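Heads up, the thing below is written out as structure tokens.
Note that the coordinates shown come from a computational prediction; the quantities given were computed from them, not determined experimentally.
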Amino acid sequence: MVEGRGRPEILFPLFAELEALDGIGPKTAKNYSGLGVETPKDLLLTLPVSGIDRAKRNTINDADLPGTVTVEVEICRHRKPPSHNRPYRVQVSDAKTSFDLVFFHARGDYLERILPTGARRIVSGKIELFDGVAQMVHPDHILALDEADEIPDYEPVYPLTAGVTQKGIQKAVRSALPRAPYMAEWIDLPHLKSREYPAWPDALRQVHAPTGPEALAPTHPARERLAYDELFAHQLTLGLARLTAKKGKGVATSGNGALRAKVLAALPYKPTGAQRRAMEEIAADMGQTLRMNRLLQGDVGAGKTLVALMALLIAVEAGGQGVMMAPTSILAAQHLESLQPLAEEAGVVIEILTGRDKGAERRAKLQALKDGAIQILVGTHAVFQDDVEFADLRLAIVDEQHRFGVRQRVLLGEKGAAADILVMTATPIPRTLSLATYGDMDISVLDEKPPGRKPITTALVNSSRMDEVVGHLRKAVADGRQAYWVCPLVDESEAVEMTAAEERFKHLRAALGEGVVGLVHGQLPPAAKDAAMEDFVAGRTRVLVATTVIEVGVNVPNATIMVVEQAENFGLAQLHQLRGRVGRGEGASTCLLVYRAPLGETAQRRLSILRESEDGFRIAEEDLAIRGAGDLIGTAQSGLPRFRVADLEGQTALMDIAQSDARALLEMDPALTSPRGQAARVLLWLMEQEKAIRLISVG
């Protein structure tokens, strides 16, 4: 297959019109779009969801009723109904007993034609006892004896949508199967043999003709093979993106360690093992001539800031500059606040740039940056602007991945022709999802808490006890402590959330006194939002009423109470993030999850997990189990692949193998020109991974 020629010819039959298949006309073809099926290939990857045992038996006597039975019968007599609204009955007998076939609104002449008295037929359908008499209402199949083979012993059952029937989809699949060709194998042969995977077309034939319930399990070799194909194609795409990102010529950045040693000596504690490991991984990446593209994920309070500073210091030791970006000016200011004392220990010049910098002050900062006098810059997206130039940008750190898309990562990379990129996220991502979403990045995980972080007491409180909660707050405020009060999450609109927050603010102000309570929500103008946050950070207000805008990164060590109202409406990961806003200082901290009774089973499970555990990774895994992958990161913008066969939640181990296999293949054959590489290209076309195909073409 030559570059740029488009889809290989061997795949043409799989991408033909659906109308080419038996039983599908223009109208039915439109109905199939309800299943996401547009081509014969899509149909072949729409697998049966269950099956019905239709193995033939002599009699219904020994069957478990009610149940589906396939049996040979003789037609004894027709009993026409006395009136139109009564059923039409046909008495039949098998080898040992007799029973009725029952039809509602039936045409007698039609039934006499297909079930003539004295003839023998195969019937298959659900038998039930009605007033002690066995009956089969509207048999699924009525066949002459010589047509008996048309019913498989185990009949596959497919997912349906409006206008698509079981018989229709079975017929279409039968006519699509011959279109699946034998192709060169893209799976690593030792892996193929050890797992006993069939060849691709054989796998399709097996999954569409299951022999029993065990053939429907995701671990069945034919099903697992088709899932693996999808995961492997997806990981190849991410791997190619990763190679392309790294191909961007990088600059080897390594320092002598002098500045880092000064900072470590000034710390009142030793870094955790996880922090040390992440620092080493980042230093090794930066020392290569390939561009770094790494994700640093750590739980709330796992000490990402120190790891980030160490990386920035490598850039400075090497004579370059580093930039750290945050999604809001408040967070940028907080980063500056936490980095500055340590940077000063090392004698490094650190400065902040946000949209608020204007006029002469801004011009002076830009000049200092261009001259290299500012060694570390902390900022918001204002650092993307055209007039911001660096003398020698070596490292760009982006905080909070989900607020920054891939496009911004690229823009940022362009600021320093070869800047290494480190993305930080405080949202623990379950392993499967990080493989599926960030497979183009290398990942460092901080899974230990630094010493000194105190456990947070989490309690569930019924909303009927709201007065007690306010009393608890009054006492804490009198003791000089601070608290967050997070208002209910309302799906419909920010306006409703704003009203809820304003009501709660008035109520608490009345209870606790003027000037004690601040308010921040999404509808406030940015300046008002910043002012409210600053008052709280400075301790001028004692209680901050907020919608979820405070989720990310806010650091107020004196805040020791977090109240979340209608906690049952929040996702687990979100509640874990909110709880992480307290427990940052010396005082013992509490998180009160206020719920409205009665709690549903899922909400009960979510809130209980939170009460039991502070481990963000365990919580994220549970969240994935409860909500599924799409909901966890919002399907629309999640960038999560939509697999037809593979199951992200259930097949983590398979995704792991697919990733290491894809990376191994690309390491040996980055342009996919070897025989297996060529086969992998066909797989990418088959799985419609155009993005990957473009990347090889460019390469």
Side-chain angles (χ1 to χ4, degrees), residues 253-288 292 294-318 320 322-324 326 331 334-348 350 375-376 378 394-401 420-429 434 441-456 552-553 555 557 576-577 580-581 583-586 589 614-618:
T253 300
S254 17
N256 56 12
L259 300 176
R260 284 170 285 170
K262 284 183 185 169
V263 169
L264 289 174
L267 287 177
Y269 57 84
K270 281 196 162 52
T272 64
Q275 282 176 312
R276 280 200 302 276
R277 195 173 58 240
M279 290 172 195
E280 283 160 16
E281 288 167 348
I282 292 165
D285 270 6
M286 290 178 72
Q288 309 242 346
M292 171 167 79
R294 187 171 278 279
L295 176 74
L296 174 65
Q297 78 176 101
D299 201 351
V300 176
K304 289 183 295 296
T305 311
L306 178 65
V307 176
L309 176 64
M310 288 301 174
L312 291 164
L313 290 177
I314 295 174
V316 178
E317 287 172 1
V323 63
M324 184 163 180
L331 282 173
Q334 291 209 334
H335 280 318
L336 181 72
E337 203 177 309
S338 51
L339 293 172
Q340 202 153 21
L342 293 170
E344 281 170 0
E345 288 288 342
V348 170
I350 185 168
Q375 293 164 298
I376 295 176
V378 177
R394 296 293 187 90
L395 172 67
I397 299 184
V398 178
D399 188 14
E400 277 312 316
Q401 167 62 19
D420 287 320
I421 291 186
L422 179 67
V423 175
M424 298 202 303
T425 173
T427 314
I429 307 159
S434 60
M441 306 181 84
D442 297 298
I443 298 180
S444 294
V445 178
L446 298 181
D447 47 12
E448 298 171 53
K449 288 267 200 296
R453 287 283 299 211
K454 293 192 170 50
I456 299 165
V552 183
N555 189 22
H576 178 62
Q577 287 293 322
R581 301 299 109 222
R584 292 166 166 255
E586 294 306 304
S589 292
E614 275 192 65
D615 174 354
F617 286 92
R618 190 198 144 199

Closest approach of [X] to [Y] (non-hydrogen atoms, all atoms of both residues):
| X | Y | result |
| --- | --- | --- |
| Ala308 | Met424 | CB-SD, 3.8 Å |
| Lys262 | Ala346 | CD-CA, 3.9 Å |
| Ser254 | Gly287 | OG-CA, 4.4 Å |
| Pro271 | Met279 | CB-CE, 4.3 Å |
| Ser338 | Thr305 | OG-CG2, 3.7 Å |

Between Met310 and Leu264, does the side chain to side chain contact (heavy atoms under 4.5 Å, CB included) criterion hold? Intermediate values first, please. CA-CA 9 Å; Met310 288 301 174; Leu264 289 174; 3.4 Å; yes

Pairwise distance [atom1]([X]) to [atom2]([Y]) - rounded to 0.5 angstrom:
| X | Y | atom1 | atom2 | answer |
| --- | --- | --- | --- | --- |
| Leu339 | Met324 | CG | CE | 5.5 Å |
| Ile282 | Arg277 | CD1 | CZ | 11.5 Å |
| Ile397 | Lys304 | CD1 | NZ | 12.0 Å |
| Ile314 | Asp420 | CD1 | CG | 9.5 Å |
| Gln275 | Leu306 | CD | CG | 5.0 Å |
| Leu342 | Leu259 | CG | CG | 12.5 Å |

Sidechain-backbone polar pair: Glu317 side chain, Gly257 backbone, donor-acceptor under 3.5 Å: yes

Report yes or no: does Gln297 contribute a side-chain atom to a donor-acceptor pair with the main-chain N or O of Ser444 at less than 3.5 Å? no

Contacts of Gln340 meeting side chain to side chain contact (heavy atoms under 4.5 Å, CB included) (sequence neighbours excluded), chain-then-number -> Leu336, Glu344, Ile350

Go through the structure and list residues passing side chain to side chain contact (heavy atoms under 4.5 Å, CB included) with Ala318, not counting sequence neighbours. Thr253, Arg394

By salt bridge (charged side-chain N to carboxylate O under 4.0 Å, His left out) - contacts of Arg294 (at least two apart): Glu281, Asp285

Would you mind reporting whether [Y] and [X] have side-chain heavy atoms less than 4.5 Å apart?
| X | Y | value |
| --- | --- | --- |
| Leu422 | Val398 | no |
| Thr272 | Leu446 | no |
| Val423 | Leu296 | no |

For a side chain to side chain contact (heavy atoms under 4.5 Å, CB included) check, start with the C-alpha distance between Ile421 and Met292, then their side-chain angles and the critical distance, and finish with the verdict. CA-CA 6 Å; Ile421 291 186; Met292 171 167 79; over 6 Å; no

